[in-house]
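Whatever order the structure lists ligands and atoms in, that order sets their numbers, starting from 1.
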Amino acid sequence: MTTEKHTPSPGSVRRVACVGAGVIGGGWVAHFLARGYQVTAWDPAPDAEAKLRRLVDAAWPAVTELGLAEGASRDNLVLAPTLADAVADAEFVQESAPEDLALKRDLLARIDAATPPGVVISSSTSGYAMTEMQVDCAHPQRLVVGHPFNPPYLIPLVEVVGGERTEPWAVRWASEFFEVAGKSVITMDREVPGFIANRLQEAIWREALHMVANGEATVEQIDASITEGPGLRWPMFGPCLTFHLAGGEGGMAHMLDHFGPSLKSPWTRLEAPELTSELRDAMVRGCEEAADGRSTAELVADRDRAVIAVMRAVDEARKGRS
Ligand SMILES: NC(=O)C1=CN([C@@H]2O[C@H](COP(=O)(O)OP(=O)(O)OC[C@H]3O[C@@H](n4cnc5c(N)ncnc54)[C@H](O)[C@@H]3O)[C@@H](O)[C@H]2O)C=CC1
Ligand SMILES: C[N+](C)(C)CC(=O)CC(=O)[O-]
């Protein structure tokens, strides 16, 4: 990877700065502490330190259960008095300030001005494109989106994508760093509003709100429809491979030929995509690749084993609920 002169290798990073220490920034702090990093945090709220330490304390049993890295300690957290102090020695910066475009533009420019040259700066934004956020930065080439999931210390996924002025090395560096730091990374090669997972989540969310607004379903029914239904399959297979199995031995090809026409039915308030032969073939091909040579029977057995394991795990977790 061709990086800038001062860029540390992803595996050598020890000092991380977290800017914004609310739900997500605090979750990142807990994650990095649990992975053994020295963390400096900054947040302008007057009660930020007490709130952040409470958040880290609340997360600690969970990260301990998952297994702490060597040297991991809550004592490795320092609250900086200013933004410039927070990032002055950082080898990586994660920004998690409120989802407000003007605020992020200004804040990222200030972070960029105070962070050592070559150090990658990542934003937790849930949906803004980095192209829109990096406009006022003097060194936009090192800014990426690293979109986490709540809570970042438990949910592995981070979606990484650059903006038009981000250089490819920064995207590769961030992806490699997040992997080293114990995350599961999807690196996107183009900007998509909402990235991948939020685009999917927002589709469900929009429909849920339509149903509640129209009195078609209750919040409880909507949540149960996922936790007692499709949600049990998703920990093992995503929506594509799950529906591949809905086609039985015929797989995704039969599934699309059988149920494709119902995409035009008024089940959803969203516009249905045109089911072109290219789209059909891409879906079939993608599912065959994901199946990785496993037969339908093998996939069914894998899915069923996983669903049973998840149901048992969820039952256990529910028993321990506070
Ligand atoms: N809450 C969620 O489930 C998720 C949120 N995100 C993203 O993470 C970011 C933060 O969201 P949350 O943690 O939920 O918000 P939050 O409201 O819990 O925390 C935001 C924090 O930023 C601080 N802050 C305010 N102005 C600031 C500034 N100028 N500079 C630095 N910090 C400032 C606030 O004092 C607060 O502690 C957003 O971009 C959001 O889209 C991403 C994934 C999930
Ligand atoms: C609600 N949200 C859009 C901020 C959620 C996310 O961005 C990811 C998540 O944690 O589901």
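In Arg294, the CZ atom is crowded: over 12 heavy atoms of neighbouring residues, nucleotides or ligands sit closer than 6.0 Å. Around CD of Glu216, the count of heavy atoms belonging to other residues, nucleotides or ligands within 6.0 Å exceeds 12. In this structure, Phe243 places its CZ atom where only 12 or fewer heavy-atom neighbours from other residues, nucleotides or ligands lie under 6.0 Å away.
Nearest heavy-atom pair across Asp302 and Phe237 is CB-CZ, 4.2 Å. Of all heavy-atom pairs between Ala197 and Leu157, the closest is CB-CD2, 4.4 Å.
Considering both main-chain and side-chain atoms, Ile24 comes within under 3.5 Å of ligand 1 through a nitrogen or oxygen pair. Checking only distances, Arg110 never comes within under 3.5 Å of ligand 1, N or O to N or O.
Contact analysis leaves Glu95 out of contact with ligand 1, as no non-hydrogen atom separation drops below 4.0 angstrom. Ligand 1 lies nowhere less than 4.0 angstrom from a heavy atom belonging to Tyr128.
Here the two rings, on Phe149 and Phe195, have centers that are 6.0 Å apart or farther.
Within the listing of ligand 1, atoms 38 (C), 39 (O) sit less than 4.0 angstrom from a heavy atom of Lys104. Close approach of ligand 1 to Trp42 is summarised as follows: ligand atoms under 4.0 Å from at least one heavy atom of the residue are 30 (N), 31 (C). For ligand 1 and Thr125, the ligand atoms under 4.0 Å from any heavy atom of the residue are 39 (O).
In terms of protein heavy-atom proximity, atom 41 (O) of ligand 1 is nearest to Ser126 OG, 2.6 Å. When only non-hydrogen protein atoms are considered, atom 43 (C) of ligand 1 lies nearest to Pro148 O, 3.3 Å. The protein heavy-atom contact nearest to atom 18 (O) of ligand 1 is Val23 N, 3.0 Å. For atom 37 (O) of ligand 1, the closest non-hydrogen atom of the protein is Asp43 OD2, 2.5 Å. Atom 22 (O) of ligand 1 has Pro98 CD, 3.3 Å as its closest protein atom, hydrogens excluded (heavy atom only). Regarding atom 33 (C) of ligand 1, its nearest protein heavy-atom neighbour is Pro44 CD, 3.4 Å. Distance from atom 19 (O) of ligand 1 to its nearest protein heavy atom, with residue and atom name: Gly22 CA, 3.3 Å. At the shortest separation from atom 39 (O) of ligand 1 among protein heavy atoms lies Glu99 OE1, 2.6 Å.
The residues lining ligand 2, counting any heavy atom closer than 4.0 Å, are Ser126, His147, Pro148, Phe149, Asn150, Asn198, Gln201, Glu202.
Side-chain N/O atoms of Asp85 and Thr82 include a donor and acceptor closer than 3.5 Å. Using modelled atom types, one finds a donor on one side chain and an acceptor on the other under 3.5 Å when comparing Thr125 with Glu99. Using modelled atom types and a 3.5 Å distance limit, the side chains of Glu207 and Thr268 yield a donor-acceptor pair. For the 3.5 Å distance criterion, the side chains of Ser12 and Ser9 qualify, holding a donor opposite an acceptor. Remark: the Trp173 side chain and the Thr7 side chain contain no N/O donor-acceptor pair separated by less than 3.5 Å. Under 3.5 Å, the side chains of Gln141 and Thr166 contain no donor-acceptor pair of N or O atoms.
When the heavy-atom distances from atom 30 (N) of ligand 1 to Leu107, Leu103, Asn150 are ranked, the shortest goes to Leu107. Of all the listed residues (Ala45, Pro152, Ala97, Pro151), Ala97 holds the heavy atom that lies closest to atom 38 (C) of ligand 1.
By the 30° and 60° cut-offs, the orientation of the rings of Phe92 relative to Phe177 is tilted. Ring geometry for His254 against His258 counts as tilted: the plane angle lies between 30° and 60°, on a 0 to 90° scale.
Distance check on atom 15 (O) of ligand 1: every protein heavy atom falls at or beyond the 4.0 Å cut-off.
The shortest side-chain heavy-atom distance between Ile24 and Pro152 falls under the 4.5 Å cut-off.
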